[in-house]
Amino acid sequence: MRHEGGPTSFVRELSVFDATMVVVGSMIGSGIFIVSADIARQVGSPATLLLVWVATGALTIMAALASGELAAMYPRAGGQYVYLREAFGPLTGFVYGWTLFLVIQTGTIAAVAVAFAKFLGVLVPWVSAQTRLVPIVIGGDGSGNGGFDLSITSQRVVAILVIAALTFINTRGVKTAKWVQNVFTGTKIAALGLIALLPFFGHFDPQAYAANFEGDRFFGGGTVPFGLPFLALFGAAMVGSLFSSDAWNNIAFAGEEIKEPHRTLPRSLVLGTVIVTLLYCLANVAYLSLLPLQGTPDGADLAARGIQAASDDRVGTAAIQVLLGPPGALVMAVFVMISTFGCNNALVLAGPRLYYAMARDGLFFRRAGVLSRHAVPAWGLALQGVWAALLTLSGTYGNLLDYIIFAALLFYLLTVAAVFRLRRTQPHAPRPYRMWGYPALPALYILLAGAILIDLLIEKPAYTWPGLLIVLTGIPVFYLWHRRLPG
C-alpha cells in the first residue's frame with residue numbers, strides 16, 4: 001500500500017499552534033462577512049441576531065469538547081470517520097466519509113474558491129460570472145435563464161486555478177502546507193480581530209448605534225418572545241451561522257501528523273473553536289455598531305439598506321464602507337480573498353487524510369491509501385481537486401451546501417453520541433483526555449442538535465430532505481464497495 005521507495009507513514013509535523021491555525025483557518029472563510037444579512041432578515045432584532053451567533057458558538061464548543069476525548073483516544077488519520085466507525089460500525093463511518101467526499105468537503109472547497117473569485121472581481125472586474133469564455137447552457141432561453149448553465153466563466157476559471165494551486169501546494173508535504181496555513185490564518189485573525197474591536201476603540205456610527213441599542217430597539221421594540229414559534233424561527237435562522245462555524249473538526253483528519261496528539265488535538269479543537277466563536281460574536285457587535293439592522297433593498301445608501309438588505313448580503317463590506325467610504329469595498333475584498341484562500345488550504349489539506357483512512361479499510365479507491373514521497377496522500381488530493389473543480393463548473397455547489405448543513409449537524413450529533421457509546425462499550429480504553437461536563441454537556445448537545453434537526457426538517461424541507469437523501473446514497477454504495485473493491 002505504498003509507492004516503491006516511498007514512506008510508509010505520515011510525518012508528525014503539526015504543533016499545538018499549527019493545529020489551532022488549521023481549526024481557525026478551516027472555520028473562517030467568507031460566511032461571517034455575508035450570512036448575518038440572511039439571519040437578520042429572519043430574526044428581526046439585534047438581540048436575537050447576536051443570540052443566534054452565541055448559541056451556534058456554544059454548540060460548536062460543546063461538540064469540540066466531545067471530539068477532543070475521541071481524538072485523544074484515536075489520534076489517527078481519518079478523525080471523525082474513525083470515531084463513527086469505532087462507535088457504530090463501518091457502515092456509519094463509510095456513510096459519513098462518502099458524504100464528506102461527495103458534498104461536504106468538495107462542495108465547500110468549490111464554494112469557498114468561487115467566493116475568492118467573486119471578491120477578486122471587485123479588484124479585477126473581468127473576473128465575473130457574466131464573463132463567459134465558453135458559453136454552455138442546456139435548456140432555458142440560451143442565456144442561462146431557466147436552464148442549466150455549464151458555461152466556463154472567468155470566475156469559475158479563477159476558482160479552479162485556486163483549487164489547483166492549493167492542491168499542488170499540499171502535495172509538497174505537510175510542512176509546506178502548514179506554512180501557508182499559518183501565514184494566511186494569522187493574517188485573517190488579525191484583520192477580523194481589528195474589525196471586531198472597532199466599536200471598543202470608539203469607531204461606530206451614532207445613528208446605527210441608536211437604532212440598534214438604545215431603548216427597547218435592541219429587542220426589536222419589545223422583549224424577545226420566547227415560545228415555540230420563536231424557537232422554530234430561531235433554529236431555522238441558525239443555518240447560516242452553523243455553516244460559518246463548520247469544518248472545525250478537520251484537524252482531527254490529520255491525527256497522524258500531529259505532535260503529541262493525545263494532548264495537542266483536544267487543546268487545538270477547543271482553543272480554535274473558542275477563538276472563532278469570540279471573533280464571530282464581536283464581529284456582529286461591530287456590524288450592529290456601524291449599520292442599522294433594519295433596511296430595505298431599494299434603500300438609497302448603506303444606512304437605508306442596513307444589515308438586512310446589504311448589497312449581495314456583503315455585511316462586512318458595507319460595515320467597512322461606513323468607516324472608509326468606497327475604498328472600504330477594496331479593503332474588504334482583499335481581506336476576504338486572504339480569508340478564503342487560507343480556509344481552502346485547510347480544507348484541501350484535511351480531506352485526503354480521511355479518504356486515506358477509508359482506503360486503508362478497503363472502503364475507498366485503493367490508491368487513496370498510498371503516500372507519496374512527500375508523505376502525503378497525493379492521489380487523494382488530486383481526486384478531491386478534480387471533483388471540487390467539477391462541482392465548480394457545474395454551478396450546483398451552492399445548492400449542495402444548503403443541503404449538507406442538515407447532514408453535517410446529523411454527523412456531529414452522532415459523533416457526540418459516540419462518547420456515550422464508547423464509554424459503555426470500551427470502558428477500559430485509554431482516555432488521555434475526558435470530556436469536561438460529561439454526561440450533562442454531551443446530553444445537552446444531543447438534545448439541542450436533535451431539536452434543530454427536527455426544526456429544519458419542518459421549517460426548511462426543500463433543503464433538509466435532499467440533504468438526508470444525499471446521506472442515504474452512501475448505504476447502497478457501501479454494500480457495492482464490499483462486493484467489488486475498485487482499483
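The first residue in the sequence is number 1, and the count goes up from there. Model, not experiment: these values are computed from the prediction.
- Of the charged side-chain nitrogens involved, at least one lies within less than 4.0 Å of a carboxylate oxygen, so that R353 and E257 count as a salt-bridged pair.
- You'll find the side chain of N249 stays beyond 4.5 Å of the side chain of F411, heavy atoms only.
- Nearest heavy-atom pair across D246 and A408 is OD2-CB, 4.0 Å.
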**Request:** Check the pair S15 / D18 against side chain to side chain donor-acceptor pair (under 3.5 Å), numbers first and verdict last.
**Result:** CA-CA 5 Å; S15 65; D18 301 326; 3.0 Å; yes
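- For the pair L441/M435, a side-chain contact is recorded, criterion being any heavy-atom separation below 4.5 Å from C-beta on.
- The neighbour count for F213 CZ, taken as heavy atoms of other residues, nucleotides or ligands under 6.0 Å away, is above 12.
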**Request:** List the steps and the verdict of side-chain contact (heavy atoms from CB on, under 4.5 Å) for I251 and I258.
**Result:** CA-CA 9 Å; I251 186 56; I258 306 289; 3.8 Å; yes
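- The side-chain heavy atoms of S268 and M21, taken from C-beta on, include no pair separated by under 4.5 Å.
- Salt-bridge check for E13 with K259: failed, with every basic side-chain N at 4.0 Å or more from each acidic carboxylate O.
- A cation-pi arrangement is present between R314 and F119 under the rule of less than 6.0 angstrom and at most 45 degrees off the ring axis.
- Contact detail for Y445 and L59: the closest heavy-atom pair is CE1-O, 3.2 Å.
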**Item:** Steps toward side chain to side chain donor-acceptor pair (under 3.5 Å) verdict (Q80, Y96)
**Value:** CA-CA 8 Å; Q80 200 168 346; Y96 170 68; 3.1 Å; yes
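- Within a 6.0 Å sphere centred on CZ of R263, other residues, nucleotides and ligands contribute 12 heavy atoms or fewer.
- Here the shortest heavy-atom pairing between G29 and T340 reads C-CG2, 4.1 Å.
- With rounding to the nearest 0.5 angstrom, the NE2 atom of H374 is 6.5 Å from the OG1 atom of T171.
- Between R41 and D313 a salt bridge is recorded (basic side-chain N to carboxylate O distance below 4.0 Å).
- Separating the CG atom in L347 from the CG atom in L166 is a distance of 9.5 Å, to the nearest 0.5 Å.
- Here the options are F101, Y81, W387, the test is ring pair (Phe, Tyr, Trp, His ring centres under 6.0 Å), and the partner is Y355; only F101 passes.
- The shortest heavy-atom contact between A117 and V127 is O-CG1, 3.5 Å.
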